[in-house]
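Everything on this sheet refers to the single structure shown next.
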Amino acid sequence: INFINIKSMRSAVLLLALVGVAAAASKNLVTLQEENWTQLLKGEWMLEFHAPWCPACKDLQKAWNSFADFAPDLKIKVAEVDVTKNPGLSGRFLVTALPTIYHVKDGVFRVYAGSRDKNDFISFVEDRRWRTIDPVPDYKHPNSAQMGVVAVFFKLSMAVRDLHNTLVEEKGIPSWASYSIFAGVTLLLGCVLGFLIVLVIDQVFPTGSLSTATSDKKKGGEKKGDKKAEEKKKEDKTENKKTK
């Protein structure tokens, strides 16, 4: 009997836990990824960047999901981005701390720095407090070309980290050997890139032929100048003879 009671209690606890998780997850919460993030450019949004390993993100999860339940009443959309699955977006938005929250209004991005409470989020939108926050400058706008380049670099860095972990954990390669491989590849790519840049510059701006042509022009100018000077001297001599 005791065994049956213990088993029933465990089942009840597990059921309550599942119900709690289901209640915490809001059906109005939009999950954004690198493929569909541009929908932020239209309408009004509140966006949160988080990671599964971040304790502060876990503390915010309940309040953020509750806030998402009010999204239809506030006539906004509430979204989230997992930076571990979308490293390009973390670079595009220059996310350096977690959780990071943005307010977006018709493509204008502002960083939210208020209290992380459901009621504060609601009043922030209802009272339009976002108007007191300076927008993200144009050179940091997530949809700009330069931030697109930053996104690519973030993706590359994540790929390099994953490759390093694979070499060390799965292949059994020592960490120092993995770092040495990456250092060698980096130096090789740098040399190749430098050679290509020099080759392109030399083709577009041929320094040897340009300097030769310049020197030839100078010599030609000097010869012409010398001939003119000699002709003037001859003319002066003939004039002097006539006057005598």
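Predicted model only: the values in this text are computed from it and were never measured.
For W37, the ring-ring contact (aromatic ring centres under 6.0 Å, His included) partners at least two apart in sequence or on another chain are F93. Residues that satisfy the side chain to side chain contact (heavy atoms under 4.5 Å, CB included) test with A151, not counting sequence neighbours, are R92. Under the side-chain hydrogen bond (donor to acceptor under 3.5 Å, both in side chains) criterion, D59 pairs with no residue, sequence neighbours left out. Every residue two or more places apart in sequence or in another chain that forms a salt bridge (charged side-chain N to carboxylate O under 4.0 Å, His left out) with K105 is listed here: E44.
In this structure, V108 is not a member of the same hydrophobic cluster as W45, with clusters built from ILVMFWY side-chain heavy atoms closer than 4.5 Å. Connection of V104 to V111 is established within a shared hydrophobic cluster, with ILVMFWY side chains joined at heavy-atom distances below 4.5 Å, either directly or through further cluster members.
Judged by distance alone, with hydrogens and angles left aside, the side-chain atoms of H50 form no donor-acceptor pair with the main-chain N or O of Q61 at under 3.5 Å. With hydrogens and angles ignored, the 3.5 Å screen pairs no side-chain donor or acceptor of N65 with any backbone N or O of K62.
When all heavy atoms of A51 and C57 are compared, the closest pair comes out as N-SG, 3.7 Å. What you find for L32 and N86 is that their closest heavy atoms are O-ND2, 3.9 Å. Summarising the geometry of G91 relative to M147, their closest heavy-atom pair is O-CE, 3.5 Å, with the distance given to 0.1 Å. A pairwise comparison of heavy atoms in P87 and E34 identifies N-OE2, 3.4 Å as the closest pair.
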Original post:
Hey, mind stepping through F109 and H141 against side-chain contact (heavy atoms from CB on, under 4.5 Å) and telling me if it holds?
Top reply: CA-CA 7 Å; F109 293 79; H141 194 280; 3.6 Å; yes
Subject >> Derivation of the side-chain contact (heavy atoms from CB on, under 4.5 Å) call for K85 and V83 >> reply: CA-CA 5 Å; K85 297 179 180 179; V83 296; over 6 Å; no
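The salt bridge (Lys or Arg N to Asp or Glu O under 4.0 Å) contacts involving residues 122-145 comprise D127-R129, where partners must be two or more places apart or lie in separate chains.
The side-chain heavy atoms of Y102 and F49, taken from C-beta on, include a pair separated by under 4.5 Å. Taking 4.5 Å as the limit, every side-chain heavy atom of P52 sits out of range of all side-chain heavy atoms of K58.
Under the 3.5 Å distance criterion, with hydrogens and angles disregarded, no donor-acceptor pair is assigned to the side chains of D117 and S115.
With side-chain heavy atoms closer than 4.5 Å counting as contact, directly or through intermediates, the hydrophobic cluster containing V125 also holds L29, M46, L60, W64, F67, F70, L74, I76, V78, I101, Y112, F121, I122, F124, W130, I133.
The one candidate from V95, V81, D82 that meets the side chain to side chain contact (heavy atoms under 4.5 Å, CB included) condition with L89 is V81.
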